[in-house]
Amino acid sequence: MTGFRKLSTTILVLLSGFLMAQDNLPKTYCNPLDIDYTYMVYNSSKNLSYRSGADPAVIEYRGDYFMFVTRSFGYWHSKDLVNWEFIKPKQWYFEGSNAPTAFNYKDSLVYFAGDPAGYGSIIYTDDPKKGEWQPVASISNNIQDSELFIDDDGKTYLYWGSSNVHPLKVKMLDKDDRFLETGVQKELINLVEEEHGWERFGENNFHPTLKEGYMEGASMTKHDGKYYLQYAAPGTQFNVYADAAYVGDTPLGPFKYMKNNPFSFKPGGFTNGAGHGITVKQTNGQYWHFSTMALASNSHWERRLAMFPTYFDKEGLMYSNTSYGDYPLFAPDHPTKPGEHTGWMLLSYRGKTTVSSSQLQVRKSTSEDGQYDIEEIEVIRDENDQITTPLLTDESPKSYWVAEANDDKQWVQIELKSPGDIYALQLNFHDHESGIYTRIEGLKHQFTIETSEDGKNWEMLIDRSDSHKDAPNAYLRLENPKKAKFVRYNNISVPGNNLALSEIRVFGKGYGSAPGKVKNFKVTREQDRRDASLSWDKVKGAQGYNIRWGIAPDKLYHSWLVYEDTNHFMRNLDRDTAYYFSIEAFNENGISEKTQIITVE
């Protein structure tokens, strides 16, 4: 028996070690979401080749999740909100749906609308995984950029609108009579830019000529007997694209502006924007807000998708947590912190980067198709005659490097400023004259990633040399942390004509100290009370700073992450609202203590 106990103990220890070796890190995800975004057809006549994902409509149906996205020629299915598989339906729109809406009616049917013509039949299915859809025997209008909402009593409402002039509207439909209009229709809400700074048009809510933002992306969430009518503004191509809500006691209103608006807002960091989204309830009761992020390099319609945890506080105020929202976040199945920042920091920021070749290095952005801001970067060689680039570690999706060929002779090597333990990586590929203009199956990104502590001796970290996964924003979580000073990407082949990358992001934990607490933090409300100037002293060793603010000391629901700067100007405040501000510094080793909260009347 003694020998049997020893053998059993040995087996348990070995098994435990095996399991830990298999996966010692929690499940995580990173924005923008790692899915196989579709190449867009609607700018193909201009020979603009780029992927995009925007205007998500996400539903839970019989325990699974389905995500419908503008012009994608199908939709995605997931069981965990992290791993998504594309479904090519048997019946769909030849040009792809546009700004779609979907609704799960009591787990019996999924209704969907999104004909890019703006009118057509509402379609339905009882098995979206199978991809067979049927049309309702009627033609409905206003079904682009709309929200179909069926209340618990079966009464049906269609909200719609996309304009910088006209308001959002609603009309009632009869679900039991082919979704025909009942005759009830009314105007609901419009933008009020003179009061709400964040609704103003333009990057950072500034445009030299246009002042009126676009109101679009209506959606409806019912929570605790209240109706949250959500909308997006001021424009999909801007860093300040956001979602806000009005709250009412009935689906027809009247609706009252929610005082902590916008509730989904991510103007800073690597990827910006958190507008034109949908709020979905997970099977465990946790809410998530899926939204649109701006990329706007090849086209101002070039976008990506994000997912943020969303809550309702004791006052019934709805808010999303977007703080460090493009760093690794705990997956939805985390028992206590779903969607929260893991504490894994950015190890690769401003790391020295050398490349195998360089066809082009460029910063390129647009807010209107055909009008670009372009800055080509001169090729510089280091002391070892290696080509360098600053663009792959600068935390900008609008700057990118293009190799001379898309083959297995191309590589990128990053020397981290300091060694650290790597937990995850994110590869952000870019479309540079890719030559693909619609959804094509069989695209795949094939590569390997190696690490080294001395730049001479290399170990394989990730091997996707035979991968069939299409991953333009590949998020690669490791099973166990890996100590490294150097990271090397080895290309094999990627979709399209060119190998182009905008950013290689390496996450983990450095071995040094987190930065000290920010000093001399000041916030000044400008004469135009929608604006505020912020400043603070530089903190030694800080990569950047995370500004937090809100309408009460315990409601600092907003955040704006900036790199290196020690001053900031924001134009997104509500004119008649008092705010509370705090700031923290961060680097590859961690996050500092927050400053004492400042009150700004």
**OP:** Please confirm whether Tyr437 and Tyr39 have ring centers closer than 6.0 angstrom.
**Re:** no

Original post:
For the atom pair OH (Tyr319) and CZ (Phe308), what is the distance rounded to the nearest 0.5 Å?
Top reply: 15.0 Å

Subject >> ring-ring contact (aromatic ring centres under 6.0 Å, His included) partner of Phe586, chosen from Trp344, Tyr545, Tyr563 >> reply: Tyr563

Subject >> Trp411/Phe447 aromatic ring centres below 6.0 Å >> reply: no

Subject >> Distance-only polar pair, side chains of Asp243 and Ser264, donor-acceptor under 3.5 Å >> reply: no

Original post:
Using a distance-only test with no angle check, is there a side-chain donor-acceptor pair under 3.5 angstrom linking Asp36 and Trp84?
Top reply: no

Subject >> Heavy-atom closest contact (Ala232 atom, His276 atom, distance) >> reply: CB-N, 3.2 Å

Subject >> Six-ring centre of Phe86, Arg439 cation under 6.0 angstrom, axis tolerance 45° >> reply: yes

**OP:** With side chain to side chain contact (heavy atoms under 4.5 Å, CB included) as the test, would you mind laying out the steps for Tyr475 and Thr28 before giving the verdict?
**Re:** CA-CA 9 Å; Tyr475 176 63; Thr28 56; 2.7 Å; yes

Subject >> Side-chain donor or acceptor of Ser78 paired with backbone N/O of Tyr65 under 3.5 Å >> reply: no

Original post:
In terms of the angle between their ring planes, are His289 and Phe263 parallel, tilted or perpendicular, with boundaries placed at 30° and 60°?
Top reply: perpendicular

**OP:** May I ask you to check whether Asp394 and Ser399 show a side-chain donor-acceptor distance below 3.5 Å?
**Re:** yes

Original post:
In terms of ring plane angle, is the pair Tyr231 and Tyr246 parallel, tilted or perpendicular, where the classes change at 30° and 60°?
Top reply: tilted

**OP:** Fit a plane to each ring of His432 and Tyr400, take the angle between them on a 0 to 90° scale, and name the class: parallel (under 30°), tilted (30 to 60°) or perpendicular (over 60°).
**Re:** tilted

Original post:
How far apart are the closest heavy atoms of Asn298 and Asp431, and which atoms are they?
Top reply: ND2-O, 2.8 Å

Original post:
With under 30° as parallel and over 60° as perpendicular, where do the rings of Phe265 and Trp560 fit, or are they tilted in between?
Top reply: perpendicular

**OP:** Please step through side chain to side chain donor-acceptor pair (under 3.5 Å) for the pair Thr125 and Asp127, ending with a clear verdict.
**Re:** CA-CA 5 Å; Thr125 184; Asp127 190 356; over 6 Å; no

Subject >> Least distance between heavy atoms, Ala57 atom then Ala102 atom >> reply: CB-N, 4.0 Å

Subject >> Plane angle bin for Tyr75 and Trp133 - parallel if under 30°, tilted between 30 and 60°, otherwise perpendicular >> reply: perpendicular

**OP:** Can you see which heavy atom on Leu346 is nearest to which on Arg505, and at what distance?
**Re:** CD1-CB, 4.0 Å

**OP:** Test the Arg477-Tyr423 pair against the cation-pi criterion, namely NZ or CZ under 6.0 angstrom from the six-membered ring centroid and within 45° of the ring axis.
**Re:** no

Original post:
So, Asn428 versus Gln426: side-chain donor-acceptor pair below 3.5 Å or not?
Top reply: yes

**OP:** May I ask you to check whether Ser320 and Thr310 show a side-chain donor-acceptor distance below 3.5 Å?
**Re:** yes

Original post:
Can the ring centres of Tyr311 and Tyr287 be said to be less than 6.0 Å apart?
Top reply: no

Original post:
Is the His77 ring parallel, tilted or perpendicular to the Phe66 ring (thresholds 30°, 60°)?
Top reply: tilted

Original post:
Going by atom types only, do Asn587 and Tyr349 share a side-chain donor-acceptor pair under 3.5 Å?
Top reply: no

Original post:
Would you say Ser121's side chain and Ile123's backbone share a donor-acceptor pair under 3.5 angstrom?
Top reply: no

Subject >> Donor-acceptor under 3.5 Å (Asn239 side chain, Pro267 main chain) >> reply: yes

Original post:
Do side-chain atoms of Lys266 reach the backbone of Thr271 as a donor and acceptor pair under 3.5 angstrom?
Top reply: yes

Original post:
Would you call the rings of Trp301 and Tyr42 parallel, tilted or perpendicular, where under 30° means parallel and over 60° means perpendicular?
Top reply: perpendicular

Subject >> Donor + acceptor pair across side chains of Glu147, Thr101 (<3.5 Å) >> reply: yes

**OP:** Determine yes or no for a side-chain-to-main-chain donor-acceptor pair under 3.5 angstrom, with Asn473 supplying the side chain and Leu33 the backbone.
**Re:** no

Original post:
Is there a donor-acceptor pair closer than 3.5 Å between any side-chain N or O of Asn261 and the backbone N or O of Met258?
Top reply: yes

**OP:** Scan side-chain atoms only and decide if Ser297 and His430 contain a donor-acceptor pair under the 3.5 Å cut-off.
**Re:** yes

**OP:** Assign the ring pair His334 / Phe330 to parallel, tilted or perpendicular, where the plane angle (0 to 90°) is split at 30° and 60°.
**Re:** tilted

Original post:
Is it true that the side chains of Tyr557 and Thr322 contain a donor and an acceptor less than 3.5 Å apart?
Top reply: no

**OP:** Quick one: closest heavy-atom pair of Gln230 and Thr221, and the distance?
**Re:** NE2-OG1, 2.8 Å

Original post:
Donor-acceptor pair, Asn490 side chain versus Ile449 backbone, under 3.5 Å?
Top reply: no

Original post:
Do side-chain atoms of Tyr241 reach the backbone of Ser291 as a donor and acceptor pair under 3.5 angstrom?
Top reply: no

